[in-house]
Participant: 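Below are the structure tokens for one structure; questions will follow.
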Amino acid sequence: GLDAGAFLTVAVNGFDALRSINAHRGVQAAGFPTETMVFTSGTGKTLGEMPMGGRLADGTATVTIKRADLYSALREEAQSRGIHFEHNKRLNTTLLDQDGVTAVFADGTSARGDFLIGADGLHSVTRRLIDAGAPQPHYLGLGNVGGYTRLDSLKLTPGIFYMVFGK
């Protein structure tokens, strides 16, 4: 579904990159600032805490956002700029020259641009094309469950990302 993956954080360096192309406002509005991560046990004992990236000169902090909201904000921004989207394409290869890059797809079609962003997931073709020797993903034996709430009854401090370790 659209909420697959639950949430992620966009650190201040990510906001700096978004700001450099004036694409940060929708992402910032859809998320909430999270300056600190607190680690606790399932019983509530604090195990430690760490800052999540400081602040930019204008006060912007790291933001936590639902993945679906991030996708929506970035898509809306791109569409407002007239950027065309196509779906169900599988990257086969890229052709680089001094004027940019051509992405060649499995169906024989291609797209040309100034640069290519490889946001194609765990089994990234883009990563393999950039560096055939890049380490392959492998399972680390970890699993997690994530969630978010707006319940005031939990008495949580706004701006803190809580990571709770259980059994």
Participant: What distance separates Glu77 CD from Ile21 CD1, expressed to the nearest 0.5 Å?
Facilitator: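 The CD atom of Glu77 sits 7.5 Å away from the CD1 atom of Ile21.
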
Participant: Please table the atom pairs, donor to acceptor, closer than 3.5 Å between any side-chain atom in residues 8-16 and protein atoms at least two apart or in another chain.
Facilitator:
none

Participant: Mind checking the OG1-CD1 spacing from Thr62 to Ile65? Nearest 0.5 Å is all I need.
Facilitator: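 Those atoms lie 13.0 Å apart.
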
Participant: I'd like to check the side-chain contact (heavy atoms from CB on, under 4.5 Å) partners of Ala111; sequence neighbours left out, ordered by chain and number.
Facilitator: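 side-chain contact (heavy atoms from CB on, under 4.5 Å) list for Ala111, sorted by chain: Phe105.
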
Participant: Going from OG1 on Thr40 to NZ on Lys45, what distance comes out if it is rounded to the nearest 0.5 angstrom?
Facilitator: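 Answer rounded to 0.5 Å: 11.5 Å.
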
Participant: Measure the shortest side-chain to side-chain distance between His138 and Leu140 over non-hydrogen atoms and say whether it is less than 4.5 angstrom.
Facilitator: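 Of all side-chain heavy-atom pairs linking Leu140 with His138, at least one is under 4.5 Å.
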
Participant: Would you compute the distance between atom CD of Glu49 and atom OH of Tyr162 and round it to the nearest 0.5 angstrom?
Facilitator: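 Between atom CD of Glu49 and atom OH of Tyr162 there are 9.0 Å.
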
Participant: Grab the two heavy atoms, one from Asn92 and one from Ala106, that are nearest each other, plus how far apart they are.
Facilitator: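 Shortest heavy-atom separation between Asn92 and Ala106 comes out as ND2-CA, 3.8 Å.
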
Participant: How long is the straight-line distance from OG1 of Thr43 back to CZ of Phe165, given to the nearest 0.5 Å?
Facilitator: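 The CZ atom of Phe165 sits 13.0 Å away from the OG1 atom of Thr43.
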
Participant: What pairs with Phe85 under side-chain contact (heavy atoms from CB on, under 4.5 Å), at least two apart in sequence or on another chain?
Facilitator: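 Phe85: side-chain contact (heavy atoms from CB on, under 4.5 Å) contacts with Arg75, Ala78, Gln79, His87.
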
Participant: Would you indicate whether the side-chain heavy atoms of Asp107 and Asn88 approach each other to under 4.5 Å?
Facilitator: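 Sidechains of Asp107 and Asn88: no contact.
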
Participant: Report yes if the side chains of Val63 and His24 come closer than 4.5 Å at any heavy-atom pair, otherwise no.
Facilitator: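 The answer is no, as the side chains (C-beta and beyond) never meet within the 4.5 Å cut-off.
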
Participant: With sequence neighbours left out, write down each residue that passes salt bridge (charged side-chain N to carboxylate O under 4.0 Å, His left out) with Arg25, or none if nothing qualifies.
Facilitator: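 With sequence neighbours excluded, Arg25 shows a salt bridge (charged side-chain N to carboxylate O under 4.0 Å, His left out) to no residue whatsoever.
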
Participant: By the salt bridge (charged side-chain N to carboxylate O under 4.0 Å, His left out) test, which pairs, at least two apart or in different chains, include something from residues 108-128?
Facilitator: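 Every salt bridge (charged side-chain N to carboxylate O under 4.0 Å, His left out) pair that includes a residue of residues 108-128, provided the two are not neighbours, is Asp97-Arg112.
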
Participant: Kindly write out the residues that satisfy salt bridge (charged side-chain N to carboxylate O under 4.0 Å, His left out) with Arg90, not counting sequence neighbours, or none if the list is empty.
Facilitator: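 Not a single residue meets the salt bridge (charged side-chain N to carboxylate O under 4.0 Å, His left out) criterion with Arg90.
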
Participant: Asp99: what forms a salt bridge (charged side-chain N to carboxylate O under 4.0 Å, His left out) with it, not counting sequence neighbours?
Facilitator: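 Once residues adjacent in sequence are excluded, Asp99 has no partner under the salt bridge (charged side-chain N to carboxylate O under 4.0 Å, His left out) criterion.
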
Participant: Test of understanding: with salt bridge (charged side-chain N to carboxylate O under 4.0 Å, His left out), list the residues that count as partners of Arg55, not counting sequence neighbours.
Facilitator: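 So Arg55 forms a salt bridge (charged side-chain N to carboxylate O under 4.0 Å, His left out) with Glu35.
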
Participant: Roughly how far, to the nearest 0.5 Å, is the CG atom of Leu18 from the OG1 atom of Thr60?
Facilitator: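 The CG atom of Leu18 is 11.0 Å from OG1 of Thr60, to the nearest 0.5 Å.
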
Participant: Other members of the hydrophobic cluster containing Val164, with the 4.5 Å side-chain heavy-atom rule, please.
Facilitator: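 Once heavy-atom contacts under 4.5 Å are chained together, Val164 still belongs with nothing else.
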
Participant: Scan Phe39, Phe7, Phe32 and name whichever one has a ring pair (Phe, Tyr, Trp, His ring centres under 6.0 Å) with Phe161.
Facilitator: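 In the set Phe39, Phe7, Phe32, the residue that makes a ring pair (Phe, Tyr, Trp, His ring centres under 6.0 Å) with Phe161 is Phe7.
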
Participant: Check this for me: Ile117, atom CD1, are more than 12 non-hydrogen atoms of other residues, nucleotides or ligands nearer than 6.0 Å?
Facilitator: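 No, the 6.0 Å shell around CD1 holds no more than 12 heavy atoms from other groups.
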
Participant: Testing the basics here: between Thr109 and Lys89, what is the closest heavy-atom pair and its distance to 0.1 Å?
Facilitator: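 So the two residues come closest at OG1-NZ, 2.8 Å.
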
Participant: Any non-hydrogen side-chain atom of Asp58 less than 4.5 Å from a side-chain atom of Arg19?
Facilitator: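 Side-chain contact under 4.5 Å: yes.
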
Participant: Under the rule for side-chain contact (heavy atoms from CB on, under 4.5 Å), what residues qualify as partners of Thr94, not counting sequence neighbours?
Facilitator: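 Here the qualifying residues are Leu91, Val101, Leu116, Leu129.
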
Participant: Who clusters with Leu95? Use side-chain heavy atoms, under 4.5 angstrom, across I, L, V, M, F, W and Y, and order the result by chain and number.
Facilitator: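 Under the 4.5 Å side-chain rule, Leu95 groups with Val104.
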
Participant: Name all residues meeting the side-chain contact (heavy atoms from CB on, under 4.5 Å) criterion together with Leu122; count only those two or more places apart in sequence or in a different chain, and write none if there are none.
Facilitator: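 side-chain contact (heavy atoms from CB on, under 4.5 Å) check on Leu122 returns Pro137.
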
Participant: Could you tell me whether a side-chain N or O of Thr64 sits under 3.5 Å from a main-chain N or O of Thr34, the two making a donor and an acceptor?
Facilitator: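 Not at all, since once roles are kept as given, no pair shorter than 3.5 Å links the two residues.
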
Participant: Is there a donor-acceptor pair closer than 3.5 Å between any side-chain N or O of Ser20 and the backbone N or O of Ala17?
Facilitator: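 The answer is yes, because a donor-acceptor pair under 3.5 Å joins these two groups.
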
